[in-house]
S.K.: 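Quick one: structure below, then a few questions.
Here the structure is a predicted model, which means the values were calculated and not measured.
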Amino acid sequence: MKDLVQKQLDKYAAKTEQDEENALKEITQEIALYALAKSGFFEHAAFQGGTCLRIIHGLDRFSEDLDFALNTPGKFDLDPFLDKTSEFMQAYGFEMEVSGSEKADKAVQTRFLKDDSIKKLVTLKHLRDLKKKINIKVELDTNPPDHAKDEMKFVEFPTDFSILSHDIPSLMSGKIHALLCRKFVKGRDWYDFSWYISEKATPNYEYLAAAIKQTGPWEGKNLKVDRQWLKEALIDKINALEWKKVIEDVTPFLNAQKKIDVEKVWSKEFFLMKASKL
């Protein structure tokens, strides 16, 4: 099964060190998802976030983290599932180290899956820093907002398997909540927003309203979160951003042509146009 990793890496045909590192991380993410599925984790939680959009729906940018939300809010012990995940991944040549811990009352549980062994088992064309570990952050929201919708999805690597995932409207709402309410700016949020608009996706407004009420500048407020409110909130946000910094954040996750496209096109005017298409 270790040869499977090399064959998958070759399919990426990486042209730069960054592309090769991103490919290796993504292969690690997919095998970790398979191992989590084998552990029974998706009986309790659903996949969400940018990596979900990348792996399940073909978003054309790389992503870093594995984000999940409990199906039923409450206390949850993530560690036994990650221990099983680490054990299952050994068959593919990974020697995963699980690190991190959270207080029992913290809503978002964070762990890190680290590995520095797999790069010794594959032939790398560009990546020279073999001392650098692959580092995948795993986050589980144990108190997610209400009204997310889930669906069963299928992944083909490293073999066919199924996972539980938020549907597209709920994923879109989670992303919009992040770009409106996050305390710092991530260009990746705006890249994903642009993708949703291009795909003519529609937010899950009930879920978005619950998320906005739960955390962020509108915490505790009973807002009427509809299309008109969202357009106005997005316009205010778009007008306030320094777009050069937004672009700098996203480019490490794009291939060479996408970097050129983003650097040429992204601006306040571009995203005002995108917001108008909601």
S.K.: Where is the tightest heavy-atom contact between Leu278 and Met172, given as atom of each residue plus distance?
M.R.: CD2-CE, 4.0 Å
S.K.: Taking the side chain from Ser117 and the backbone from Gly93, do they hold a donor-acceptor pair closer than 3.5 Å?
M.R.: yes
S.K.: Assess the residue pair Ile31 and Val5 against the criterion (side chain to side chain contact (heavy atoms under 4.5 Å, CB included)); give the C-alpha distance rounded to whole Å, side-chain angles, the decisive distance to 0.1 Å, and a yes or no.
M.R.: CA-CA 9 Å; Ile31 294 175; Val5 176; 3.9 Å; yes
S.K.: Do Cys52 and His166 touch side chain to side chain, with heavy atoms closer than 4.5 Å?
M.R.: no
S.K.: State, yes or no, whether a side-chain contact exists between Arg61 and Arg188 at a heavy-atom distance under 4.5 Å.
M.R.: yes
S.K.: Do Leu66 and Phe88 belong to the same hydrophobic cluster, where Ile, Leu, Val, Met, Phe, Trp and Tyr are linked whenever their side-chain heavy atoms lie under 4.5 Å apart, directly or via other members?
M.R.: no
S.K.: Which pair of heavy atoms, one from Ile168 and one from Ala201, lies closest together, and at what distance?
M.R.: CG2-CB, 3.8 Å
S.K.: Distance alone, cut at 3.5 Å: any donor-acceptor contact between the side chains of Lys274 and Ser198?
M.R.: yes
S.K.: Check whether any side-chain heavy atom of Arg54 lies under 4.5 Å from a side-chain heavy atom of Phe62, and answer yes or no.
M.R.: yes
S.K.: Might you point out which heavy atoms bring Phe161 and Ala37 nearest each other, and give the distance in Å?
M.R.: CD1-CB, 3.9 Å
S.K.: As an exercise, state the distance from CD of Glu21 to CG of Leu124, rounded to the nearest 0.5 Å.
M.R.: 10.5 Å
S.K.: Step through the shown structure and confirm whether more than 12 heavy atoms of other residues, nucleotides or ligands are within 6.0 Å of NZ on Lys84.
M.R.: no
S.K.: Within a strict 4.5 Å, meaning less than it, do heavy atoms of the Asp249 and Val185 side chains meet?
M.R.: no
S.K.: Return the NZ to CD1 distance between Lys237 and Ile235, rounded to the nearest 0.5 Å.
M.R.: 14.5 Å
S.K.: Testing Asp192, Thr51, Asn22 for side chain to side chain donor-acceptor pair (under 3.5 Å) with Ser63, which one passes?
M.R.: Thr51
S.K.: Transitively linked via ILVMFWY side-chain contacts under 4.5 Å: Ile260 with Val246?
M.R.: no
S.K.: Indicate the atoms forming the closest heavy-atom contact of Trp195 with His57, along with that distance.
M.R.: CZ2-O, 3.8 Å
S.K.: To the nearest 0.5 angstrom, please state how far the CE atom of Met96 sits from the OG1 atom of Thr85.
M.R.: 9.0 Å
S.K.: Given 3.5 Å as the limit, does a donor-acceptor pair link the side chain of Thr28 with the main chain of Leu24, or not?
M.R.: yes
S.K.: To check you understand the geometry: which heavy-atom pair defines the closest contact between Asn204 and Ser170, and what is its length?
M.R.: ND2-OG, 3.1 Å
S.K.: Are side-chain heavy atoms of Phe271 and Leu241 found at a separation under 4.5 Å?
M.R.: no
S.K.: For Ile176, which of Leu230, Val225, Asp189 qualifies under side-chain contact (heavy atoms from CB on, under 4.5 Å)?
M.R.: Leu230
S.K.: Is the count of non-hydrogen atoms from other residues, nucleotides or ligands lying under 6.0 Å from Glu199 atom CD greater than 12?
M.R.: yes
S.K.: Identify the two heavy atoms, one from Asn71 and one from Phe42, that lie closest to each other, and give their separation to 0.1 Å.
M.R.: ND2-O, 4.4 Å
S.K.: Can you say whether the rings of Tyr191 and Trp266 are parallel (under 30°), tilted (30 to 60°) or perpendicular (over 60°)?
M.R.: tilted
S.K.: Using the side chain to side chain contact (heavy atoms under 4.5 Å, CB included) rule, take Phe68 and Leu36 through it: C-alpha gap first, then chi angles, then the decisive distance, then the call.
M.R.: CA-CA 11 Å; Phe68 306 98; Leu36 282 167; 3.7 Å; yes
S.K.: Using distance only, find each side-chain donor-acceptor pair of residues 205-217 under 3.5 Å and give its atom names and separation, not counting sequence neighbours.
M.R.:
| unit_1 | atom_1 | unit_2 | atom_2 | d |
| --- | --- | --- | --- | --- |
| Lys213 | NZ | Asn222 | OD1 | 2.6 |
| Gln214 | NE2 | Asn143 | O | 3.1 |
| Thr215 | OG1 | His177 | NE2 | 3.2 |

S.K.: Any side-chain heavy-atom pair from Lys244 and Ile247 closer than 4.5 angstrom?
M.R.: no
S.K.: So, does Asp65 use its side chain to make a donor-acceptor pair with the main chain of Asp67 at under 3.5 Å?
M.R.: no
S.K.: I'd like to check Leu179 versus Leu234 (side-chain heavy atoms, cut-off strictly below 4.5 Å). Are they in contact?
M.R.: yes
S.K.: Between Ile163 and Phe41, is there a side-chain heavy-atom distance shorter than 4.5 Å?
M.R.: no
S.K.: With rounding to the nearest 0.5 angstrom, report the OG1 to CG distance, Thr16 to Asn255.
M.R.: 9.0 Å
S.K.: Test side chain to side chain contact (heavy atoms under 4.5 Å, CB included) on Tyr34 and Tyr92; report intermediate values, then the result.
M.R.: CA-CA 11 Å; Tyr34 171 60; Tyr92 296 90; 3.5 Å; yes
S.K.: Tell me if the NZ atom of Lys259 is crowded by more than 12 foreign heavy atoms within 6.0 Å.
M.R.: yes
S.K.: Are the side chain of Gln29 and the backbone of Glu64 linked by a donor-acceptor contact shorter than 3.5 Å?
M.R.: yes
S.K.: In terms of hydrophobic clustering (I, L, V, M, F, W, Y; side-chain heavy atoms under 4.5 Å; direct or indirect links), are Tyr12 and Leu59 co-clustered?
M.R.: no
S.K.: For residues 151-159, which side-chain donor-acceptor pairs fall under 3.5 Å, sequence neighbours excluded?
M.R.:
none

S.K.: Determine whether Ser86 and Asp83 satisfy the following criterion, side chain to side chain donor-acceptor pair (under 3.5 Å), listing intermediate values before the conclusion.
M.R.: CA-CA 5 Å; Ser86 178; Asp83 289 341; over 6 Å; no
S.K.: Examine Leu180 and Leu223 and state if one hydrophobic cluster contains both, with Ile, Leu, Val, Met, Phe, Trp and Tyr joined whenever side-chain heavy atoms are less than 4.5 Å apart.
M.R.: yes
S.K.: Measure the spacing between CD of Glu97 and CD1 of Ile134 and express it to the nearest 0.5 Å.
M.R.: 13.0 Å
S.K.: For the pair Thr142 (side chain) and Ala107 (backbone), establish whether a donor and an acceptor sit closer than 3.5 Å, ignoring hydrogens and angles.
M.R.: yes
S.K.: Which is it for Arg111 and Asp79 under the side chain to side chain contact (heavy atoms under 4.5 Å, CB included) test, yes or no, and what are the steps along the way?
M.R.: CA-CA 9 Å; Arg111 300 290 186 275; Asp79 291 325; 2.7 Å; yes
S.K.: Can you confirm whether or not the ring centre of Trp243 sits under 6.0 Å from the ring centre of Phe270?
M.R.: no
S.K.: Side-chain heavy atoms under 4.5 angstrom apart, residues restricted to Ile, Leu, Val, Met, Phe, Trp, Tyr: same cluster for Phe112 and Met89?
M.R.: no
S.K.: Would you compute the distance between atom CZ of Phe253 and atom CD of Gln18 and round it to the nearest 0.5 angstrom?
M.R.: 7.5 Å
